[in-house]
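One structure is given here, and the rest of the page talks about it.
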Amino acid sequence: MEREKVLDVKNLYAVFKIQKKEYEVLHDISFDVHRNETVCIVGESGCGKSVTTLCVMGLLPKNGRVISGSIEVDGTDLTKLSANEVRKFRGKKMGMIFQEPMTALNPLLTIGYQLRENLMLHRLVDKKTADKMAVEYLTKVGIANPESRLKQYPFQLSGGLRQRVLIAMVLSAQPDLLIADEPTTALDVTIQKQVLSLLNGLKKDMNAGIMFITHDLGVVAEIADKVVVLYAGRKVEEGSAQQVFNDPRHPYTVGLMKAVPNVDKDEFVIEPIPGMFPNITEEIPGCRFNPRCAYTKQCPLCTKEAPEMLEVEPGHFVACHLVKENAQ
Ligand code: SF4
């Protein structure tokens, strides 16, 4: 039986206006997220992963706009809704976890008050039931002594605990789609692992889909079912976590893999991707990766035409002229 899609992004194009001129920041981005699935959107800073998140949340800054494409959450196309309708829809269907939980938690209110209000608003329960549920949710996210934690203010908790409280808060609203934007980047490695394993464990329990944004392939390996690799506003590779990790085909994905330190090996060799990430105002004919790609000289098309997406095996897609040539 096919799993239900909670997010379906199709042919999304977005632009940002800088000094009266519009520049394309997303070009033909498509991907989907099913229930009980974690889809990681990966790439270096500036690749388009944060803009994609802002589009899905309906939170693009004033100088940004979606010019075409659709973003369906539970079958409703958010690009057809007004800003007010998107805000209401977001509150009901989507939950968000950010790198810094303090952006979502009110520093002046106790954890208990915030959780209770959230439960009363989203689950329509009375105060007494909400208090009981608050204890249950803190227990669910692995917080010991939940009753005493509820009396504390966010600043009294460590970064890892604050992130757990935020996860409890988001889960308590029972979202269909959970958006996690670099949620573990500010945490130390041990706590990071705990939060990732918590999200993994809760995925089934929530019956939600997770869109997980990260630049860290180590994190992707821990949590992803599916991986979407973006480069300079374009999707360059997509596949199951197994396909992308075991058999990366796009030279940029291969470069990202080599740029991750392998702590299992004795030697600690990191091979950074050569060259600079392009600025959005920069026009690059052909494949946007060509100035940094080691194979550009092998294929005359690389500097002339943008490569199309090719399915190299079921569910595994790559946009690269050389991969296409080799497959023919
Ligand atoms: Fe490299 Fe050409 Fe493939 Fe782009 S299309 S990634 S430049 S080989």
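Order of listing sets the numbers, starting from 1, for every ligand and every atom in it.
- For the pair R249 and E237, the salt-bridge criterion is not met [side-chain N within less than 4.0 Å of a carboxylate O].
- Using a non-hydrogen distance threshold of 4.0 Å, P251 registers as a contact of ligand 1.
- N279 and T281 share a donor-acceptor pair across their side chains, judged by distance under 3.5 Å alone.
- Each of R65, R234, K17 was checked for a salt bridge (charged side-chain N to carboxylate O under 4.0 Å, His left out) with E24, and the lone residue meeting it is R234.
- Remark: minimum distance from atom 4 (Fe) of ligand 1 to any protein heavy atom is reached at C287 SG, 2.4 Å.
- Looking only at heavy atoms of the protein, atom 3 (Fe) of ligand 1 is closest to C320 SG, 2.3 Å.
- Look at C299 and atom 2 (Fe) of ligand 1: no N/O/S atom of the residue is under 2.8 Å from the metal.
- Taking every heavy atom of both residues into account, A224 and V227 meet most closely at CB-CG2, 4.0 Å.
- Salt-bridge formation is not detected for the pair R123/E136: no Lys NZ or Arg NE/NH1/NH2 atom is positioned less than 4.0 Å from an Asp or Glu carboxylate oxygen.
- Within the 4.5 Å cutoff, the side chain of L7 has no heavy atoms near those of the I179 side chain.
- With respect to atom 5 (S) of ligand 1, the closest heavy atom belonging to the protein is H321 N, 3.3 Å.
- Under a 4.0 Å criterion applied to the non-hydrogen atoms of C302, ligand 1 contributes the atoms 2 (Fe), 5 (S), 7 (S), 8 (S).
- Heavy-atom proximity to H250, at under 4.0 Å, picks out these atoms of ligand 1: 6 (S).
- The contact set between ligand 1 and C293, taken as ligand atoms under 4.0 Å from a residue heavy atom, comprises 1 (Fe), 6 (S), 7 (S), 8 (S).
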